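These numbers were taken from a predicted model, which means no experiment stands behind them.
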Amino acid sequence: MDKDILILAVESSCDETAAAVVKNGREVLSNIISSQIATHRIYGGVVPEIASRKHIEAIDWVIDAALEDAKVKKEEVDAVAVTYGPGLVGALLVGLSEAKALAFALNKPLVPVHHIEGHIAANYIQNKDWKPPFVCLVVSGGHTHIVYVRDYDSFDILGHTRDDAAGEAMDKVARVLGLPYPGGPHIDRLAAEGDPNAIAFPRVTLESGSYDFSFSGLKSAVLNYLNRAEMLGEKTEPANVAAGFQQAVVDVLVEKAVRACESLGVKRLAMAGGVSANSQLRAEMEESCRKKGIEFCVPAPILCTDNAAMIGSAGYYEFIKGNIADMSLNAYPSLKLGER
Ligand code: KG4
Ligand code: ZN
């Protein structure tokens, strides 16, 4: 049998400091996440400078805890994988500098990983038999893409958002409803108590056949609805607003992702990114795939939001393809999907 490959993975692109040990790209031996959410909540969003400082405070113990949890000595890892973009530059640099120092000191290869490719790879952890090619709907706080995953390191972007990402729209609407940051999980919970048909919010599908998204019009429609009600002194029902808004987001995401599979003749669809933790999106995408005979995969919610296990999985596939960086590796805040 071939030797097992152990990847120590580090992620610090936004507001989670995370480290994990992953075996052969599929088996998570440890997955430590230190969230800064409580710190940023008082500001209503991530403050980049504070995020960098918090990463510095957490990075050492998070890595030590990941190794300890996995019962792996740092000398035993085969490579150190790290997110080098996209994300907040100061935040990325903390994880990157730490990973470089570790790789240098241990004399191990340094593997650069794209954050969104990491999100996609969470599906390989979820379903041990899941392999490219497949279509993947990527819905995070900063990205909304429909991607054709040709191979572990080859991606065709079929569509992307022209304005707000799905998670960004969730967080902004949550904010006007007075819900805490990040708003997505709160919209998810509140929507479950409301009537999705009580208020008709627009579904923006753009030109016929397009796989692009636009969520800023929907966000404005929610704001206008709330402002108008306030000016008229009318009472609004927040649960119905959340439910109507979420239904509009989910309808567009499901329709476009499933249509992409049908047009390409691809029978496998996956989801990735924080918004794919959304309970209604998971349920409706699964149901739509079932009806169309499409195999569906979505990571467990803890693997949908930012974590390092997904970076360990993507890092493994980069490592076995020989994508190794040297000590000049820098952080790329706007790194494009598939770019190396
Ligand atoms: O992938 P992620 O953890 O970080 C980025 O790479 O951006 O995604 C964070 C986004 C936030 O906008 C958050 O509100 C959203 O994912 N989110 C959710 C849910 N859980 C997290 N949105 C809707 N429903 C959820 N359950
Ligand atoms: Zn992310």
Thr161 side chain near Glu168 side chain, heavy-atom distance below 4.5 Å:
no
Can you tell me how far apart CD1 (Ile187) and CG (Asn278) are? Round to the nearest 0.5 Å.
9.5 Å
Tell me whether the count of non-hydrogen atoms from other residues, nucleotides or ligands lying under 6.0 Å of CZ in Arg175 goes above 12.
no
The test is side-chain hydrogen bond (donor to acceptor under 3.5 Å, both in side chains); show your working for Ser13 and Tyr84 and say whether it passes.
CA-CA 8 Å; Ser13 65; Tyr84 73 118; over 6 Å; no
With a 4.5 Å cut-off on side-chain heavy atoms, are Val139 and Leu281 touching?
yes
Please walk me through it: do Asp15 and Gln36 pass side-chain hydrogen bond (donor to acceptor under 3.5 Å, both in side chains)?
CA-CA 5 Å; Asp15 59 350; Gln36 308 175 359; over 6 Å; no
Any side-chain heavy atom of Val135 within less than 4.5 Å of one from Val149?
no
Take Val241 and Phe201 through the side chain to side chain contact (heavy atoms under 4.5 Å, CB included) test and state the conclusion after the steps.
CA-CA 9 Å; Val241 176; Phe201 289 123; 4.3 Å; yes
Rounded at 0.5 Å granularity, tell me how far CG in Asp212 sits from CZ in Arg162.
4.0 Å
Can you check side chain to side chain contact (heavy atoms under 4.5 Å, CB included) on Thr83 and Leu92, steps first, answer last?
CA-CA 7 Å; Thr83 306; Leu92 286 165; 3.9 Å; yes
With a 6.0 Å cut-off (strictly less than), is the heavy-atom count around CD of Glu76, excluding the residue itself, greater than 12?
yes
Heavy-atom side-chain contact between His143 and His160 under 4.5 Å:
no
So, do Pro86 and Glu339 sit near enough that their side-chain heavy atoms are less than 4.5 Å apart?
no
Trace of the side-chain hydrogen bond (donor to acceptor under 3.5 Å, both in side chains) decision for Ser30 with Asp69:
CA-CA 6 Å; Ser30 64; Asp69 239 30; 5.5 Å; no
Single hit among Tyr124, Phe134, Tyr316, Phe319 for ring pair (Phe, Tyr, Trp, His ring centres under 6.0 Å) with Tyr152:
Tyr124
Can a cation-pi geometry be assigned to Lys256 and Phe213, taking NZ or CZ under 6.0 Å from the six-membered ring centre and within 45° of the ring axis?
yes
Could you tell me if Asn24 and Asp4 have a donor-acceptor pair between their side chains, going purely by distance under 3.5 Å?
yes
Phe215 vs Val204 side-chain heavy atoms within contact, under 4.5 Å:
no
Is Glu255 salt-bridged to Arg259, cutoff N-O under 4.0 Å?
yes
Worked check of side-chain hydrogen bond (donor to acceptor under 3.5 Å, both in side chains) between Asn307 and Glu16
CA-CA 7 Å; Asn307 66 89; Glu16 330 280 353; over 6 Å; no
Salt bridge (Lys or Arg N to Asp or Glu O under 4.0 Å) evaluation trace for Lys3 with Asp78
CA-CA 10 Å; Lys3 181 191 167 300; Asp78 293 282; 2.8 Å; yes
Quick one: does Ile32's side chain get under 4.5 Å of Ile63's, heavy atoms only?
no
Is any side-chain N of the basic residue among Glu287 and Arg290 closer than 4.0 Å to the acidic one's carboxylate O?
yes
Between Tyr317 and Glu117, is there a side-chain heavy-atom distance shorter than 4.5 Å?
no
Less than 3.5 Å apart, any donor N or O on the side chain of Ser279 or Asp188 sitting next to an acceptor on the other?
yes
Residues Ser52 and Gly90: closest non-hydrogen pair is OG-C, 3.4 Å
